[in-house]
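Everything on this sheet refers to the single structure shown next.
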Amino acid sequence: MSLQIYINGEFHDKENAKISVYDHGLLYGDGVFEGMRSYSGKVFRLEQHLDRLYESALAICLTIPISKEQMALDVNKTLQVNSLTNAYIRLVVTRGSGSLGLDPNRTSNPQVIIIADSISLYPEEYYQNGLKIITASTVRSHPAALSPRIKSLNYLNNIMAKIEGLQAGCVEALMLNHKGEVAECTGDNIFIVKNGTILTPPKDAGILEGITRNAILDLAKVLGVVAHETTLTRHDVFVADECFLTGSAAEVIPVVSLDSRPIGQGKVGAVTTKLMAAFKKLVHG
Ligand code: PMP
């Protein structure tokens with residue numbers, strides 16, 4: 001059976017799951033989304049993902065046509081219909097189709113799309129040996145222009161940085177904010193480890209407040225590892241002992257060099273290894 005895609009309460013074969021070319025999600029990137037994972041049939045931190053989705057929508061004046069409770073039921077139903085237990089879930093809400101022209105008031109029907117599929121973002125080798133990343137020259141969106149806290153369908157800022165990374169042979173790239181401070185990577189949050197303490201940029205550094213990031217901060221507490229949200233510069237990354245990235249798709253992945261400079265010993269560090277194991281245990285219950 002073909003993968004079943006949810007659109008506005010109905011399921012369609014993957015091949016026939018279509019929305020209008022007049023949809024402002026396509027025409028202008030006008031919409032919001034979430035990327036989540038399910039483990040053994042349970043969506044990891046579904047409530048937090050839905051809170052973020054509805055907050056992103058609120059921030060762009062988009063009214064999601066169904067309640068959060070209904071959305072949670074529909075996400076789970078999409079998994080069940082596809083007999084998926086360990087999956088990646090992409091939840092998209094677009095402004096809907098309208099006339100050509102930016103005016104969101106001329107759209108009438110926000111589209112709610114749920115795709116449950118598998119994803120393998122990075123090969124296993126990267127988890128074992130760590131990523132080499134570069135600093136992108138593309139600065140993270142200025143929070144006063146478009147807040148990085150909104151998970152919107154307009155991802156060009158991140159994509160331009162991703163292209164820089166790929167052109168340098170790296171699958172991820174570090175993005176600095178408009179003040180030159182470390183913000184995050186193109187699709188992942190960043191952490192460093194210094195003298196046994198884990199450090200990550202604060203919410204107001206111009207980042208998406210990752211659900212995985214917050215899970216790591218919670219885990220650190222449980223493990224008795226000191227963690228702080230604090231302003232970081234590239235210098236802090238260069239002199240760090242360890243570095244790792246977090247995201248729903250990537251989970252927890254080590255970084256061993258920045259701009260061709262090894263971080264610490266240039267190997268996956270002990271604290272990172274401990275957190276990777278703890279995260280695996282957490283998500284697999
Ligand atoms: N930053 C950005 C820009 C992202 O797109 C994502 C999600 N892929 C993250 C951070 C990580 O967020 P989460 O842990 O909630 O997936």
Side-chain angles (χ1 to χ4, degrees), residues 29 31-39 43-57 59-60 75 87-93 115-117 119-122 126 131 133 135-136 138-143 145-165 170-178 181-192 198 200-220 227 229 232 243-255 275-276 278-280 282-283:
V32 292
F33 78 103
E34 275 301 318
M36 319 174 249
R37 270 185 194 265
S38 67
Y39 299 91
V43 181
F44 181 66
R45 302 209 164 171
L46 176 58
E47 205 178 308
Q48 280 103 316
H49 279 284
L50 294 184
D51 285 346
R52 189 171 67 184
L53 180 81
Y54 281 71
E55 279 187 10
S56 292
I60 68 160
V75 166
Y88 180 79
I89 303 140
R90 172 58 50 90
L91 178 40
V92 182
V93 185
I115 306 169
D117 206 338
I119 189 171
S120 140
L121 198 63
Y122 302 127
Y126 291 169
L131 293 180
I133 64 171
T135 309
T138 304
V139 167
R140 192 74 178 95
S141 295
H142 192 299
L146 179 65
S147 173
R149 296 182 69 180
I150 302 171
K151 200 162 167 64
S152 88
L153 290 180
N154 195 320
Y155 248 56
L156 266 181
N157 176 232
N158 310 62
I159 291 167
M160 296 319 294
K162 176 98 178 175
I163 288 171
E164 284 186 61
C170 300
V171 294
E172 254 299 9
L174 175 64
M175 299 185 77
L176 307 178
N177 66 18
H178 60 286
E181 300 155 355
V182 168
E184 58 183 335
C185 286
T186 69
D188 300 305
N189 291 115
I190 187 164
F191 286 79
I192 60 169
I198 71 168
T200 195
K203 280 179 262 188
D204 63 6
I207 63 167
L208 181 79
E209 190 187 347
I211 311 289
T212 321
R213 168 192 184 273
N214 291 349
I216 289 295
L217 291 173
D218 293 346
L219 272 179
E229 296 173 69
L232 298 174
C243 178
F244 62 90
L245 311 181
T246 62
S248 297
E251 301 175 300
V252 184
I253 189 158
V255 172
L275 286 167
M276 285 171 76
F279 183 76
K280 199 167 251 180
L282 174 72
V283 296

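Order of appearance sets the numbers: ligands from 1, and atoms from 1 within every ligand. Here, residue 1 is the first one in the sequence, and each next residue gets the next number.
- Here's the thing with Ser248: one of its N/O atoms is less than 3.5 angstrom from an N/O atom of ligand 1.
- Residue-ligand proximity, Ile211 to ligand 1, at heavy-atom distances under 4.0 Å covers atoms 13 (P), 14 (O), 15 (O).
- Taking every non-hydrogen atom of Gly210 and a distance limit under 4.0 Å, the qualifying atoms of ligand 1 come out as 12 (O), 13 (P), 14 (O), 15 (O).
- Annotation: atom 6 (C) of ligand 1 to nearest protein heavy atom, Gly187 O, 3.2 Å.
- For Met276, the CE atom sits in a packed shell: over 12 heavy atoms of surrounding residues, nucleotides or ligands are nearer than 6.0 Å.
- In this structure, atom 1 (N) of ligand 1 lies nearest to the protein heavy atom Glu184 OE1, 2.6 Å.
- Contact record, Glu172 with Leu245: CG-CD1, 3.9 Å, taken as the closest heavy-atom pair.
- Geometrically, ligand 1 and Arg140 share no nitrogen or oxygen pair separated by less than 3.5 Å.
- A salt bridge links Arg52 with Glu34: at least one charged nitrogen is closer than 4.0 Å to a carboxylate oxygen.
- Without hydrogens or angle criteria, Ser152 side chain to Val32 main chain gives no donor-acceptor distance under 3.5 Å.
- When all heavy atoms of Leu217 and Ala227 are compared, the closest pair comes out as CD2-CB, 3.9 Å.
- Considering backbone and side-chain N/O atoms, Glu209 never comes within less than 3.5 Å of an N/O atom of ligand 1.
- By the 4.0 Å heavy-atom criterion, Met36 is excluded from the residues contacting ligand 1.
- Ligand 1 places these atoms under 4.0 Å from at least one heavy atom of Gly247: 11 (C), 14 (O), 16 (O).
- No heavy atom of Glu34 sits closer than 4.0 Å to any atom of ligand 1.
- Residue contact check: Thr186 has heavy atoms under 4.0 Å from atoms 3 (C) of ligand 1.
- In this structure, CG on Leu91 lies 9.0 Å from CG on Leu46, to the nearest 0.5 angstrom.
- Lys151 NZ, 3.3 Å is the protein heavy atom nearest to atom 7 (C) of ligand 1.
- Under the 3.5 Å distance criterion, the side-chain polar atoms of Asn189 are left unmatched by any main-chain donor or acceptor of Glu209.
- A donor-acceptor pair under 3.5 Å is absent between the side-chain atoms of Thr246 and the main chain of Val252, judged by distance alone.
- Close contacts of ligand 1 with Asn158, meaning ligand atoms under 4.0 Å from a residue heavy atom, involve 3 (C).
- Nearest heavy atom pair, residue Phe44 against residue Ala215, reads CZ-CB, 3.9 Å.
- In this structure, atom 4 (C) of ligand 1 lies nearest to the protein heavy atom Tyr155 OH, 3.4 Å.
- The protein heavy atom nearest to atom 14 (O) of ligand 1 is Thr212 OG1, 2.6 Å.
- The shortest N/O to N/O separation between Ala249 and ligand 1 does not fall below 3.5 Å.
- Without hydrogens or angle criteria, Asn177 side chain to Ala205 main chain gives a donor-acceptor distance under 3.5 Å.
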